[in-house]
There are 6 protein chains.
Amino acid sequence: ETVARPAGICTMLKLPFQESSKGLDAAFIGVPLDTGTSNRPGARFGPRHIRAESAMVRRHNASTGAAPYHSLMVADIGDVNVNLYNLPDSCQRIRQKYKEIVDADCIPLTLGGDHTITYPILQAMAEKYGPIGLVHVDAHTDTGDTALGEKIYHGTPFRRCVDERLLDCERVVQIGIRGSCYSPDPYKYSRDQGFRVVPAEDCWLKSLVPLMGEVRKQMGDKPVYISFDIDGLDPAFAPGTGTPEIAGLTPSQGLEIIRGCQGLNVVGCDLVEVSPIYDSSGNTALMGANLLFEMLCVLPGVKML
Amino acid sequence: ETVARPAGICTMLKLPFQESSKGLDAAFIGVPLDTGTSNRPGARFGPRHIRAESAMVRRHNASTGAAPYHSLMVADIGDVNVNLYNLPDSCQRIRQKYKEIVDADCIPLTLGGDHTITYPILQAMAEKYGPIGLVHVDAHTDTGDTALGEKIYHGTPFRRCVDERLLDCERVVQIGIRGSCYSPDPYKYSRDQGFRVVPAEDCWLKSLVPLMGEVRKQMGDKPVYISFDIDGLDPAFAPGTGTPEIAGLTPSQGLEIIRGCQGLNVVGCDLVEVSPIYDSSGNTALMGANLLFEMLCVLPGVKML
Amino acid sequence: ETVARPAGICTMLKLPFQESSKGLDAAFIGVPLDTGTSNRPGARFGPRHIRAESAMVRRHNASTGAAPYHSLMVADIGDVNVNLYNLPDSCQRIRQKYKEIVDADCIPLTLGGDHTITYPILQAMAEKYGPIGLVHVDAHTDTGDTALGEKIYHGTPFRRCVDERLLDCERVVQIGIRGSCYSPDPYKYSRDQGFRVVPAEDCWLKSLVPLMGEVRKQMGDKPVYISFDIDGLDPAFAPGTGTPEIAGLTPSQGLEIIRGCQGLNVVGCDLVEVSPIYDSSGNTALMGANLLFEMLCVLPGVKML
Amino acid sequence: ETVARPAGICTMLKLPFQESSKGLDAAFIGVPLDTGTSNRPGARFGPRHIRAESAMVRRHNASTGAAPYHSLMVADIGDVNVNLYNLPDSCQRIRQKYKEIVDADCIPLTLGGDHTITYPILQAMAEKYGPIGLVHVDAHTDTGDTALGEKIYHGTPFRRCVDERLLDCERVVQIGIRGSCYSPDPYKYSRDQGFRVVPAEDCWLKSLVPLMGEVRKQMGDKPVYISFDIDGLDPAFAPGTGTPEIAGLTPSQGLEIIRGCQGLNVVGCDLVEVSPIYDSSGNTALMGANLLFEMLCVLPGVKML
Amino acid sequence: ETVARPAGICTMLKLPFQESSKGLDAAFIGVPLDTGTSNRPGARFGPRHIRAESAMVRRHNASTGAAPYHSLMVADIGDVNVNLYNLPDSCQRIRQKYKEIVDADCIPLTLGGDHTITYPILQAMAEKYGPIGLVHVDAHTDTGDTALGEKIYHGTPFRRCVDERLLDCERVVQIGIRGSCYSPDPYKYSRDQGFRVVPAEDCWLKSLVPLMGEVRKQMGDKPVYISFDIDGLDPAFAPGTGTPEIAGLTPSQGLEIIRGCQGLNVVGCDLVEVSPIYDSSGNTALMGANLLFEMLCVLPGVKML
Amino acid sequence: ETVARPAGICTMLKLPFQESSKGLDAAFIGVPLDTGTSNRPGARFGPRHIRAESAMVRRHNASTGAAPYHSLMVADIGDVNVNLYNLPDSCQRIRQKYKEIVDADCIPLTLGGDHTITYPILQAMAEKYGPIGLVHVDAHTDTGDTALGEKIYHGTPFRRCVDERLLDCERVVQIGIRGSCYSPDPYKYSRDQGFRVVPAEDCWLKSLVPLMGEVRKQMGDKPVYISFDIDGLDPAFAPGTGTPEIAGLTPSQGLEIIRGCQGLNVVGCDLVEVSPIYDSSGNTALMGANLLFEMLCVLPGVKML
Ligand SMILES: [Mn+2]
Ligand SMILES: [Mn+2]
Ligand SMILES: [Mn+2]
Ligand SMILES: [Mn+2]
Ligand SMILES: [Mn+2]
Ligand SMILES: [Mn+2]
Ligand SMILES: [Mn+2]
Ligand SMILES: [Mn+2]
Ligand SMILES: [Mn+2]
Ligand SMILES: [Mn+2]
Ligand SMILES: [Mn+2]
Ligand SMILES: [Mn+2]
């Protein structure tokens, strides 16, 4: 420790900032958008606070041995310049930006933003990779069709992805799902598409290591995207989020899920729905920063020391 | 979702408001009283904040299949007009109001308020049903005799109930009990009455499904009241409460207890001790709203879809 | 005081709730929208928290002698069902709702919501009254042309009103304006239209009673709308707002402005930009509730006792 | 500065603690009661937090030259052991304790607690001194008759004092009064008794030094009690209080009032209505600590250096 | 309960305050220092807030039967007068103070303060007892060598203790260790010394009762010190701390560790790293107060009733 | 507005970041140190939060017409890498860094950090310019000699500057001074050196424009440094600070002071003592950002449009 933690411009994990993704193996990028939020807003400040709290995260992963910076060129490439007043236009801007990133053979690790953003991200990913697998941690399936008359908001991204054949539906798993719902059979849509839905109830008091063994088989060696909605965790561990649901996953389960993705062909990751204004201690943003670091640690090519 | 979550006057679960309990199978009612609180006040604002956060709760229970509004007429009937400056008078007002509700054959689901209020509620319940069974979730047995020279405050309601023979003592269970205490044998009184006391220590790292099987047998088919003190849960999950105790129940255990009451002859329920001013995220009130919805879902006559 | 302040469903000023504006002289109505916010969101919860804190406001205005409920039929008519994900559609919904209200000869008093909402409200007002006068309290002129490529957001409502000839430009005053800006001559547009711009600097340490004498002359006896952006006040008095600017108006000046409107032909009022999540004490919402009560007290027909 | 500010058991102003008032010229004493609060509770923790924040206050008053510890024996004598569940009993306990204090010729400086407590304090004072003069700073006259059917709560203490002839009514001044009210002529009662009522409106933007010249004449050399409700100040300066009213006094006016009491025959003082749970920064308690120190500095016998 | 919880000067557990440790079997003492903190400061106010929240803790331990005040003379002896501006000088002051305490045959129970303070405490302990055993609960091993060029800060105390042979290295256990780190093999140093390192991963979803059986064997009957860094717990249960790490121990595990020390020759204890300014509910301080009470309950000589 | 306010890495005022001060006319630089704080810590995070909130500040100063970026090359050059554990070493590091800056003919605008840092900054300034004039806004004179045995902390910087002849004592003004103190004549030292001390009492309810006319004469055309301790302002306007004092300056007075420095030969500026953890709304940091922008606007060479 040669630089004081509070010191310096806040980039993600104290990485260098650069404008473009050129020359990078992986890049952290923020999408400061919350226009798709149905209840508590504030995820627009997710990237800012995740970066601030990431000053606590160090260079090595003691638990897994991963030393990501030994293997990969990584930087913080700033934020997508979203249009806060127009959700479809924001989606266009995001899609365009991520197309540039994946075209540069750079793996994006996204600091959200509400979950709407995963839809245009996956548009860009699928354009390169074809339909991709998805490890989706969330309290919600996010497969609604419309709300308030709109097709695009944070409750519908994966429905839109299915509509546009962006997902390899047999290789989709949704973990941590729970909460009250609008219809009596809320998981039907997901299961009809071939998704595996793992309700939170099935996770209570259990290690998820066995589950992840099955997920690795489900995913095979084809491209996989990890989308981690922080509300997948119990609100005790991540109070700063927009649509919390009681009785969720524990942080150790969150780690087991991400660490269980090691060896997969991960082509992109996001951590969404951190709303710092509901997070008086800053610990939700800190959770987000750690989970993003853990995702970095399971990217293809990261060596274990 | 056709109405934005932030929109509308805050009634419980966005239900209609009506002045009286006439024609209702079940009614949510607030008791905005905290004059019986020994430490941190604020439960007087419990009903207000539980209503506000209940906007997140939807109509169906995905986990159990319950669709309460398909089976029951339910409304929010507002608050008891308590006397903040006089605890015995408040108890009279509460008892009178609940007498009207049970006389209308309506099941009250109460938004507390500190735990004192369960005493006059049970006076009204027992007047109709005779001594009733009790599923009591709490960090505390609330069977003290006096404090500061008074017989009525939030540490004594169940002692007063025993004094007045309102409880069917063999059909009382107290779950989640823990914490330091004034005497060396704090559970003696409860056990001497025939209550089953389940300390939190006996719940750590365990599913409570087996326990609830036993509880259902204990309760039989006679009338049962559910009294859920939010401090039964660990303070991580419900920080906004007046007398928190460390190392409590988890939300999944809370759900197992309530869901384990399905099939019982539940004649009333309360959720008490939410003190919103100690709950910076609002998540304790949200917890309260969800637990009350879950209690609604186990009322007699609610069909599973 | 016969009802405890914490008791009861939270309607504005503890007034009765009714669905429509029929039969009312004036109505409080919420617009829970913050999709037009450029910086800190949260004004979507303004109506909810203003209603909650309004429980502190009593029936008489001791300072002015106004007793509004002796003269007017007033109720809370709930919220406009806005579309959080689509700002133009929300504007349509607002315009339509306010058209119904003014068609019923009811004066709307609006609980915002971000300042975008004044644009569709004034569309509805002008449709009935023709171009109207405006008493606008704000740190910002809100006469920008576009931002992020959009013409509609909380920085442009009065430009749009000018575009559509909704304002009687010689009868517009903007009070409390201040802060850094995008162009070197930020008040030029307003002054070119004929607006009077009163910078905060001209208000420092002064009573605004003389100013309001001039404003009353400016307004004459034709219809006037009062639009009060809470950020017109100094952030010390109203911290819970989205785009605070230092060195603003004091509460006494805010009261002098509103009370100085007595005798004018006020046809509508709003109080916007309360963002409760930045307001840990609740006092910004309380300020909003009081200012709305004061606006009610200067409506035509309110007698002084 | 030889002791670190954060160090040590929190007594008022880092004074020694002693059980009784024997041998003291003046004593700080807490009354941790909020059972008389009509809206936001929490003043029960006023003494605790005022003591904690008082660690910032040093020994000399730079502005007035007062050096109270050079002239007077002063200590912190702890708290009255109030009965949180029974307001009349608490009043008895307070009265009894203060009788002991004044019998020991010790001047009490009280850390409230809600304003109810001034009633039993004045009972004890008047028992010794006869009807006394009162300098009362407050947003409210606190001369209501009953609320929720009760005669004793924080809105009625000075009515009860009049009823019992504890006040020398021609020597009562109430400063900072404002806010909405239950009746059209809220100051009538006070004025009918002979009180001088100085509304906040008469204080806006003014030094109160001239007013205090008049007050000193009004008070003469007979015994005077100072009762300072922190809500007399504007909520920007004292957000942590139970019934805030907008547009109040400034801190400099608060200091002018207290410093203007120098030379009077002050026989007791209180600072009430600090509710720390609404005071996220701790600055309301700090304000209370400073105001109490300033009251100490104007006690008879304090020399100016 | 004969004294209201909010009443009285805040000493630890409402114990009497006395200046010296003379005549005491055990003493609570605060060390209000945070100059050794690498990230979020605030632990200087740990003692103040732990004392305040300790008002909730009662005299008996219902779970274990311990009644510490029946067996031991215990008091609160205030705080070490640390030098906030000079860490080495503070260490000298601490060492000197603890030397006095242990020389008086009094067992110190410390309210921290950041973890730096354990180094001078152990200097004083070892001076009396020779190298001692250590039960160390923490997210971090705190065995760094230097940071920012300094050898003394909260990341190095146990390295310094090893350097000075204060620890009986075969009798050291570190429980709850986790988080990212500066080097690829962060536990190597500890293990090279002979410490047992128990990573948090090994504790997930497990009772620690078996572990503590092994620890008791490891410790034998020689002197043992318990150092409990509150960040050993998961931040959900103790958000108010300076360097939180995700996925930590649960409160029940914390209790199992402390209760598992019963029967050991415990010669001192500390609870460090409570930073109240990150703890909006006060529950982290409450956790600290309870853990310290539990440590008191396992001191040699405490009888079980 | 073409970039959303929440978007982008947080540099001061959204300026470009560059490592060195080369080629710059002025540079913003952070000093994230709070080891010199006597009471509430947290100023180490001042630079981070001032940068974050500065996203609200736009490019032009509407009030003065200043357009600083038209005249000067300005950037954010990051933070001094302070040693949090060693105050004298931090002072060395600061002095060295500022020597580089002034040697590059760049004017430093500092984001503090506690007030200790002004001492080494002035060492570097005086090395280049000789003894310089000082416009010092503060509640405290910061001319103490020692505390807790140390000569360097945030209460002594200007005493140390006098000791080392860094100040042109006849050209020093201290504005806003107030509060209780350790000695009966706390301003004597300052006045003995020839400083002008302007107590807050002399500022109450007054414009400071006349004062600043006198200050400009006092300063003449020789080098002047502006040191603005945010606690000079009343805590209502800047609650997030370490040693708040009641009854301070208003924001408009703060602006009058800074704007009154226009035309002076300002060679450096700082804004210190923002402690974000006591600032729940973020508005203290926003105040700091605005005041720093205003300082930039009065630097020599800035044209008015
Ligand atoms: Mn989602
Ligand atoms: Mn979700
Ligand atoms: Mn209870
Ligand atoms: Mn309880
Ligand atoms: Mn506006
Ligand atoms: Mn505005
Ligand atoms: Mn009062
Ligand atoms: Mn009052
Ligand atoms: Mn540690
Ligand atoms: Mn640690
Ligand atoms: Mn200073
Ligand atoms: Mn200062």
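Quick note on labels: first sequence line is chain A, next is B, and so on, each numbered from 1.
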ask   = Could you give the distance from CD (E:Glu256) to CD (B:Glu201), rounded to the nearest 0.5 Å?
value = 9.5 Å

Contact check, side chains of E:Asn283 and B:Ile246, non-hydrogen atoms, under 4.5 Å = no

remark   = One should read off an interatomic distance between B:Asp234 CG and E:Phe237 CZ, to the nearest 0.5 angstrom, of 5.0 Å

task = Taking all heavy atoms of E:Ser252 and all of B:Ala247, pick out the closest pair and write down the distance.
result = N-CB, 4.1 Å

task = Please report the shortest heavy-atom distance between E:Ser281 and B:Tyr278, naming the atom on each side.
result = CB-O, 3.6 Å

task = Under 4.5 Å heavy-atom distance to chain B, tell me which part of E:Ala67 shows up: side chain, backbone, both or neither.
result = neither

Interface moiety of B:Ser275 toward chain E, non-hydrogen atoms closer than 4.5 Å = neither

key: Nearest-0.5 Å distance that lies between atom CZ in E:Arg5 and atom CG in B:Leu148   = 9.5 Å

note = Most heavy-atom pairs under 4.5 Å with chain E, out of B:Pro184, B:Cys181, B:Ala147, belong to B:Cys181

key: Criterion side chain to side chain contact (heavy atoms under 4.5 Å, CB included) on B:Ser180 and E:Val57, from CA distance to verdict   = CA-CA 6 Å; B:Ser180 58; E:Val57 184; 3.7 Å; yes

ask   = Is it the side chain or the backbone of B:Arg40 that comes within 4.5 Å of chain E heavy atoms, both, or neither?
value = side chain

note = Interatomic distance, CG@E:Leu286 vs CG@B:Asn39, rounded to 0.5 Å, equals 8.5 Å

ask   = Who among B:Pro186, B:Ser280, B:Gly155, B:Pro244 has the most heavy-atom pairs with chain E under 4.5 Å?
value = B:Pro244

ask   = If you look at every heavy atom in E:Pro6 and B:Ser38, which pair is closest and at what distance?
value = CD-O, 3.7 Å

key: Rounded distance [0.5 Å steps], CG in B:Asp185 versus CG in E:Leu305   = 10.0 Å

task = Can you tell which part of B:Pro199 gets under 4.5 Å to a heavy atom of chain E, answering side chain, backbone, both or neither?
result = neither

key: Per-residue contact mode, E:Leu205 against chain B (heavy atom under 4.5 angstrom)   = both

query = To the nearest 0.5 Å, what is the distance between OG1 (E:Thr250) and CH2 (B:Trp204)?
reply = 8.0 Å

message = I need the residue from E:Met56, E:Glu53, E:Arg59, E:His70 with the largest number of non-hydrogen atom pairs under 4.5 Å to chain B.
response = E:Met56

task = For chain E, find which of B:Asp279, B:Thr243, B:Ile277 contributes the most heavy-atom pairs closer than 4.5 angstrom.
result = B:Thr243

